[in-house]
Structure formats: structure tokens, C-alpha cells
Amino acid sequence: MVIRGKQLSRSELFLLCLFLGLSLESWAGKIRYTVPEETDKAFFVGNIAEDLGLQPQELTERRVRIVSRGRMQLFALNPRSGSLVTAGRIDREELCAQSVQCLVSFNILVEDKMKLFPVEVEIIDINDNTPQFKLEEVEFKMNEITIPGTRIPLPLGQDLDVGMNSLQNYQLSSNPHFSLDVQQEVDGSQHPEMVLQSPLDREEEAVHHLLLTASDGGNPVRSGTLRIHVQVVDANDNPPAFTQAQYHMSVPENVPLGTRLLTVKATDPDEGVNGEVTYSFHNIDHKIAQIFQLDSYTGEISNKEALDFEEYKIYSMEIQAQDGAGLMARAKVLVKVLDINDNAPEVTMTSVTTSVPENFPPGAIIALISVHDQDSGGNGETTCSIPGNLPFKLEKLDDNYYHLVTERTLDRELTSRYNITVTATDQGIPALSTETHISLQVTDINDNPPVFPQDSYSTFIPENNPRGASLFSATAHDADSNENAQVTYSLVEDTIQGAPLTSYVSINSDTGVLYALQSFDYEQLQDLQLRVMACDSGDPPLSSNVSLSLFVLDQNDNAPEVLYPALPTDGSTGVELAPRSAEPGYLVTKVVAVDRDSGQNAWLSYRLLKASEPGLFAVGLHTGEVRTARALLDRDALKQSLVVAVQDHGQPPLSATVTLTVAVADSIPDVLADLGSIRTPGDPDDSDLTLYLVVAVAAVSCVFLAFVIVLLALRLRRWHASRLLQASGGGLVGVPASHFVGVDGVRAFLQTYSHEVSLTADSRESHVIFPQPNYADTLISQESCGKSEPLLITQDLLEDKKETFSQVNFLKIYLGKENYCIYLLSFLTTNSSISHIFL
């Protein structure tokens with residue numbers, strides 16, 4: 001019967017702790033504490049923060065926690081005080097049974113560094129268990145002829161405590177026939193035996209009642225009792241005898257339930273009831289009694305529960321044989337359990353990181369793994385492995401712990417998630433293994449700049465595009481993720497023709513689409529060279545750029561422009577001269593035109609659109625040369641009007657026209673006479689105006705002639721002063737005098753004027769080319785008479801009427817330098833048709 005003592009109070013437990021010398025030791029590199037059993041929850045065990053070299057608040061900051069294996073959590077950390085405390089009531093007997101020393105081992109994990117600190121806590125036994133017997137009473141039968149000195153083994157008492165708190169002695173109640181003798185075994189256990197001191201007499205006393213008391217050495221002392229009844233029977237000469245004093249057997253732990261393990265055999269030579277032997281367990285552990293079954297008649301021992309090598313390696317039991325008269329014999333049975341590989345390794349993730357950045361350095365710890373196999377020998381030896389194609393490796397630590405570390409730098413762009421299979425395998429036959437999986441996410445860092453598919457791009461856009469037109473779409477790809485892959489686009493600052501690039505184009509920062517901010521003109525801008533930059537949103541941001549060439553395509557948006565004959569600004573018609581003696585193919589003039597477009601849009605062709613005398617003139621298709629197609633006849637009109645069209649080859653084609661007036665005459669006088677004769681009558685106002693103009697020109701000519709004569713006289717006077725002329729740098733030395741007198745003097749005057757004559761067939765308008773005098777100090781030489789710098793001055797003769805006049809082009813008539821100058825001077829003073837010619 002179990003008798004439990006009073007539980008110790010908190011103060012008594014504390015005094016006991018002081019008595020036991022609760023201390024912190026360092027043994028074999030471990031932190032060691034002691035704590036008594038049966039303490040309350042949160043009982044102080046030791047200052048773990050101090051022993052780890054940490055402050056109490058660092059326990060939480062550095063994620064310090066307890067890592068234990070295969071047991072319920074017995075201890076906890078107090079983050080406020082930094083102490084190790086009990087997590088609940090600790091029963092030493094439940095943990096360690098009757099082991100002399102009860103140690104609870106676990107590890108303290110500093111998770112931020114993945115570092116383990118082994119800790120051992122010794123559970124100190126207190127006297128909380130009373131010695132007890134398996135049975136409350138036992139009955140023996142003894143023959144009355146049993147001789148004194150006969151020993152009767154008594155059941156053993158059992159105390160779950162250890163040391164002084166365990167069972168220390170037995171006492172037998174006083175009886176004149178029996179005494180107690182306690183045998184001390186080698187292992188320290190005590191076996192009580194009842195010794196017959198004096199002969200029994202059934203007739204005097206048939207039953208003897210005794211009380212066996214088992215006491216421990218605790219304070220206070222606890223004890224248990226067993227009632228013994230000795231029945232005196234008639235004589236039985238022979239006790240049973242076992243065939244073996246000790247039976248040994250080895251069985252595998254996976255033996256099926258109900259298997260007959262062995263059979264004990266005891267014989268008794270007596271006859272009848274005295275020779276009938278029955279078997280029973282004697283002094284057997286309670287747990288063992290629940291595992292094995294003994295047939296009381298045959299002595300067969302079988303298992304009624306599974307054997308477990310990890311719990312008991314050897315099952316020890318004592319078998320008692322008793323005959324019908326009460327004589328007994330005992331034998332010991334040892335069942336050795338053979339370990340088989342029936343336990344797969346246990347893999348525990350003590351600490352694991354589920355995500356790491358891709359720049360995690362090689363050798364960084366990913367997980368702390370614990371592997372344990374409950375089997376023994378080779379069956380309990382384990383190896384741990386991971387697939388070889390992963391950038392990780394396992395590093396073995398003490399006590400079957402492993403670090404899973406990176407073997408090389410990770411790259412999220414290659415693999416963003418790893419499923420790591422950790423396999424623990426034992427050395428048994430067949431080998432057992434356990435797999436556990438770790439899912440590791442590789443987080444992104446900004447290590448990849450945006451990348452364009454090509455190094456450079458080119459695109460073509462037609463000119464005259466609308467503003468806001470989409471020109472090009474640039475797309476860059478960033479291999480990173482999230483904000484590190486968010487790409488924004490911009491243009492690298494630049495200037496084009498002195499204007500910023502942003503005044504020509506813009507780019508959508510999100511899509512990379514390039515837009516035109518103005519309409520492009522091929523004639524002004526043929527291409528734009530720019531750089532598009534792509535920048536991600538990482539920290540720090542990474543960027544790349546690509547060159548883009550925008551080529552403006554020409555469109556036929558410019559009509560041909562006639563350069564010659566140039567149209568006067570007053571709207572008059574130009575006149576060209578063709579002698580009547582001209583042969584077919586004679587070059588009359590040449591139409592010169594240009595087109596500001598390019599390519600085929602600028603290829604020009606010429607054709608005669610209209611002519612007053614068809615077939616007389618022809619125009620070169622590609623040269624624009626106006627030539628006579630046949631010889632001129634007397635019947636051909638003096639004034640020929642030609643309309644020449646200039647057309648490009650664009651789509652659609654554009655064209656321009658120019659009107660030419662060709663005067664047919666052999667000489668200048670003929671031209672003047674013919675022009676005078678064909679002059680159409682005009683208004684009286686026009687005749688008056690022309691008269692005024694002639695008078696004005698004559699007056700100006702006379703004044704200017706007088707000025708030139710005076711100037712020549714002064715020059716001749718200076719010429720006589722040769723020194724003065726040499727000092728002033730004059731260049732008249734050696735010049736013949738004939739250049740300055742008579743006709744030669746007039747020639748020198750005329751050499752300062754233009755040789756061009758502008759003719760009009762209509763008296764409604766007139767052009768005068770005023771001579772440009774030379775006011776320099778040096779006279780003009782004869783050689784310069786051939787040079788001219790005409791100045792065209794158009795006078796609006798009918799300003800009040802606001803009429804427009806056609807422009808008159810100048811004809812250059814080359815008659816020779818000297819003859820022309822003399823003839824022109826005399827003609828100006830004598831010809832009555834001066835109203836039709838203005839020099």
C-alpha cells in the first residue's frame with residue numbers, strides 16, 4: 001500500500017536547495033545546474049543569461065530559446081530576469097526511474113547566430129515515495145517437520161526514490177519461531193529472508209501471523225508493510241527443484257505478441273499433492289509483470305506486450321516453484337532483448353530560416369538540424385545528406401546536430417525557391433531513413449540593371465508628322481523582381497541644332513513610348529541621335545541606356561523653285577534675245593530650278609507647256625535648256641512668249657511654271673527699233689510719265705557727266721604732282737594719257753557702268769539701271785570696263801493707281817568693250833526712243 005508523505009513547502013524546498021548547494025558548474029564544456037524534484041512551476045534553476053554572457057533583455061532580442069529532444073518541455077526561460085525556471089512539476093522517478101543520477105540534457109539556442117550551448121540539469125531526489133510491496137499480504141505453508149534454519153525468501157519492498165531516500169532496512173515483527181535475515185547483493189540490493197528459529201508444532205499453533213516492515217532513510221522516514229501468514233502443514237519431505245538456477249534467453253524486440261519465449265522446469269519427488277508444482281513470479285518489477293505472462297502449471301513464459309529494446313535491454317525476473325505442501329524453490333530468468341532496426345531516424349528542425357537574400361555569403365547558416373535514432377549500435381548510427389545539385393551543404397556538429405549552410409552565392413534570377421530534402425539514414429540492415437523538407441525562398445536584391453534587347457535601335461518617321469505622334473517604343477527587361485524590376489524611362493539630355501532634345505521628343509516614363517513634340521521637316525532636320533535611359537526602382541537604382549536613331553523620311557512637300565530666270569518683284573516678264581540668224585539648236589537661255597526635297601522628290605524634268613509659236617523652241621527634258629527647234633523666219637513674230645513647266649517626281653508630283661519672253665533680233669538697234677515699233681499704245685498718263693522720266697534721266701546724266709569731267713581735271717592736275725601721287729599710293733604712273741582724253745576719257749567714264757540692258761515691250765512700266773560710280777581716288781583702268789555690278793531699282797510709276805507691273809529681266813549684250821561704251825553714250829544722247837530703254 002502506497003503511503004505518500006506530506007509535500008514540502010516552498011521554504012523547505014528552498015532550504016533544501018541551499019543544502020544541496022545549488023550551483024552553476026562548468027563540466028566538459030556544459031552549463032550545469034541542480035534542482036530538486038517536485039518543485040512548483042517557475043521555480044528558479046539558474047541565471048542562464050549571466051552564464052551566456054548576455055543581458056536579460058537580450059534573450060528576446062537574440063531569440064534565445066530552449067531546444068530539447070524527445071521529452072516534454074521541463075524548463076523555460078524567464079525573459080525578464082534572464083533566469084532558467086521550471087516549466088511545471090518534475091517527477092524524478094518518472095524521468096529516471098531508479099538511476100543513481102538523473103540528468104536532463106538540453107540545449108540553449110542563440111538563434112541569431114545559430115549557436116548551441118549544452119545544458120545539464122541534475123534532478124535531486126527528495127523523499128516523496130514510500131517503500132511498498134507488490135502484495136499487501138503473503139501466505140506460506142511450512143511443514144511442521146521443517147528443521148530450524150530453513151530460510152524463506154520474502155517479497156522485496158520497492159522504493160522509487162534513490163540514495164538515502166530509497167529503501168534502507170527491513171524489520172520483522174517479533175515471533176519466537178521466526179527471525180529476519182537480510183542478504184546484501186552485489187548490486188547493493190537487499191533481499192529479506194525469514195529464518196525458522198525453532199521447530200513448529202501444528203497442534204500448538206496452526207497459523208503464525210507476522211508483519212514485515214520496509215523503511216527508507218529519508219527525513220521523515222517512510223515505511224511500508226507486508227502481512228505474512230505462515231500455515232503449518234503436515235510433513236513434506238522434498239521441496240521443488242529447478243533444472244537450472246538461472247535461465248538465459250535472447251529474443252529480438254520485434255517478437256510477436258504471445259510468443260513462447262522459454263519454459264522453466266522444477267521437479268518435486270514427492271507424491272500426490274506434495275509433488276504438484278506451481279509457478280509464479282517473485283520479486284518482479286511492476287512494468288515487467290505487465291509485459292510477461294507465466295503459465296503457473298507449465299512454466300511457459302510468453303510476452304503479452306511488445307518488447308522494446310530502447311526501454312529494457314534485459315528483462316530480469318524471478319520464478320518461484322511451490323509444491324502442494326508449501327515447499328518452494330526459486331530460479332532467475334534473464335531475457336535479453338536484441339535490438340533490431342525498427343526505429344527510423346528522427347529529424348528535428350531546431351531552427352530554420354525560410355527566406356534569405358540572394359547575396360547571402362557562402363557559409364551562412366540556413367538551418368540547425370537535429371538527428372536522433374532510438375536504436376543502438378549500427379542501427380542507431382545515422383548519416384544526414386542533401387541532394388548534391390543544390391548550392392548547400394551539411395556541416396556536422398556534436399551530438400548529432402547539423403548546420404545547413406550555403407556553399408556558394410545564390411542567384412534569385414536563376415532559382416527563386418529551393419525545396420531542400422534532408423535525408424537521415426541509419427546503418428541498420430535494412431537501413432531506415434527519414435526525409436524532411438525545407439522550403440527556402442530567395443529574396444531579391446537589386447543586382448541586375450535593366451537590359452534592352454538590342455544595343456541600338458533605328459526607326460523611320462515621315463516628315464510633317466502630327467504633334468504627339470508615337471514614334472517608337474523602347475522596352476527594357478529587368479531580371480529582378482518587385483520594385484527592383486520596375487523600370488522607368490527617360491531621355492539623356494542633349495542639344496540638337498542648339499535646342500534641347502526635350503523640345504523635339506518626349507518619352508513616357510512608364511511605357512517607354514517616344515512621342516514627337518513637333519512636326520519634323522526633312523529639309524531642316526534629317527535625323528535625330530538620342531539615348532534612351534532605363535532605370536529601375538531599386539536601392540541603389542541601376543540603369544542602362546541604348547542609342548536610338550530617328551531618321552526623318554522626305555515627303556514631296558516642296559514644289560520646284562525656279563532660280564533662273566529670276567522673276568522681278570514687280571511682276572514683269574523677263575526678255576531673252578534670240579538672233580534671227582540663229583541655227584536650229586541655238587541656246588536661247590536656260591531655265592534653272594531646284595527642289596528642296598531629296599531623292600526622287602527632287603528629280604526635276606522640264607517641258608514646254610505653252611508657246612506663242614509652237615515648234616519654234618524646244619526645252620531640254622533634264623537640262624532646262626531652251627533652244628531653237630528650227631531656223632527663224634522673217635514671218636516669225638518679234639516677241640515670242642514661252643511657258644516652261646518644271647515638275648518633280650514625287651507622289652503626287654509638284655510643279656512650277658515660268659514665263660519667258662524671247663525677243664527675235666539680230667542687233668541691239670534692231671531690238672530697240674522693233675521694241676519701239678511694237679510698243680502698244682498706253683494711257684496719256686503713261687506717256688507723260690515716260691517723258692518726265694526721260695527728262696530726269698537726261699538731267700542726271702548731264703550732271704553726272706559734268707562731275708566726271710571735273711573729277712578727271714582734278715586727276716590730271718594731281719598727275720603732274722608725281723611726288724604727291726606716289727606718297728598717296730596712286731597707281732597712275734605709266735598710264736598712257738590717251739586713257740584720260742578724248743574718246744578714251746569718255747571710255748574711262750563708261751567703264752564704271754554696267755553693260756546690261758533691260759528691255760520691255762510694254763510702256764506701262766520701265767526699269768532704269770543707274771550706273772554705279774567709282775568714288776575711289778584711283779581711276780579705273782581699261783581692263784575693268786568689262787566688269788559690271790548692276791543695281792536694279794524698280795520705281796512704282798503709278799502709285800496712286802496701285803497697279804502692278806511685270807518684272808523685266810536684263811539682257812546682257814556683249815558688243816565689245818570699247819565700241820559698246822562709245823555707242824551707248826552716243827545712243828543715249830541722240831535716240832528718240834529713249835522712253836523705251838532705261839539704263
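Applying the ring pair (Phe, Tyr, Trp, His ring centres under 6.0 Å) definition to pairs two or more places apart or across chains, those involving residues 314-343 are Phe292-Tyr315, Tyr312-Tyr315. Sorted by first and then second residue, the salt bridge (Lys or Arg N to Asp or Glu O under 4.0 Å) pairs involving residues 279-300 (not counting sequence neighbours) are Arg260-Glu300.
A search for disulfide bond (SG atoms under 2.5 Å apart) contacts involving Cys384 returns nothing, not counting sequence neighbours. Here Phe106 pairs with Phe75 under the ring pair (Phe, Tyr, Trp, His ring centres under 6.0 Å) rule; sequence neighbours left out. Judged as a ring pair (Phe, Tyr, Trp, His ring centres under 6.0 Å), and not counting sequence neighbours, the contacts of His208 are His177, Phe178. With sequence neighbours excluded, no residue forms a salt bridge (Lys or Arg N to Asp or Glu O under 4.0 Å) with Glu305. Applying the ring pair (Phe, Tyr, Trp, His ring centres under 6.0 Å) rule to His229 yields the partners His209; only residues at least two apart in sequence or on another chain are considered. Not a single ring pair (Phe, Tyr, Trp, His ring centres under 6.0 Å) links Tyr401 to another residue, sequence neighbours left out. Under the side-chain hydrogen bond (donor to acceptor under 3.5 Å, both in side chains) criterion, Thr243 pairs with Tyr247, sequence neighbours left out. Listed by chain and residue number, Arg32 satisfy the salt bridge (Lys or Arg N to Asp or Glu O under 4.0 Å) test with Glu122 (two or more places apart in sequence, or in another chain). When the side-chain hydrogen bond (donor to acceptor under 3.5 Å, both in side chains) test is applied to Asp339, the partners found at least two apart in sequence or on another chain are Ser376, Asn379.
Between the CG atom of Asp398 and the CG atom of Leu116 there is a distance of 10.0 Å, given to the nearest 0.5 Å.
Side-chain contact between Val45 and Thr86: present, with at least one pair of heavy atoms (C-beta onward) separated by less than 4.5 Å.
Counting only distance, with no hydrogens or angles, the side chain of Thr382 and the backbone of Asp426 share no donor-acceptor pair below 3.5 Å.
Both tests do not hold together for Lys41 against Phe43: distance to the six-membered ring centre under 6.0 Å, angle to the ring axis within 45°.
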What pairs of donor and acceptor atoms, side-chain ones from residues 161-169 against any protein atom, are under 3.5 angstrom apart with sequence neighbours left out?
| residue | atom | partner | partner atom | Å |
| --- | --- | --- | --- | --- |
| Asp161 | OD1 | Asn129 | ND2 | 2.8 |
| Asp161 | OD2 | Asp128 | N | 3.3 |
| Asp161 | OD2 | Asn129 | N | 2.9 |
| Asn165 | ND2 | Asp125 | O | 3.4 |
| Asn165 | ND2 | Asp125 | OD2 | 3.2 |
| Ser166 | OG | Gly163 | O | 2.5 |
| Ser166 | OG | Gln168 | NE2 | 3.3 |
| Gln168 | NE2 | Gly163 | O | 2.9 |
| Gln168 | NE2 | Ser166 | O | 3.3 |

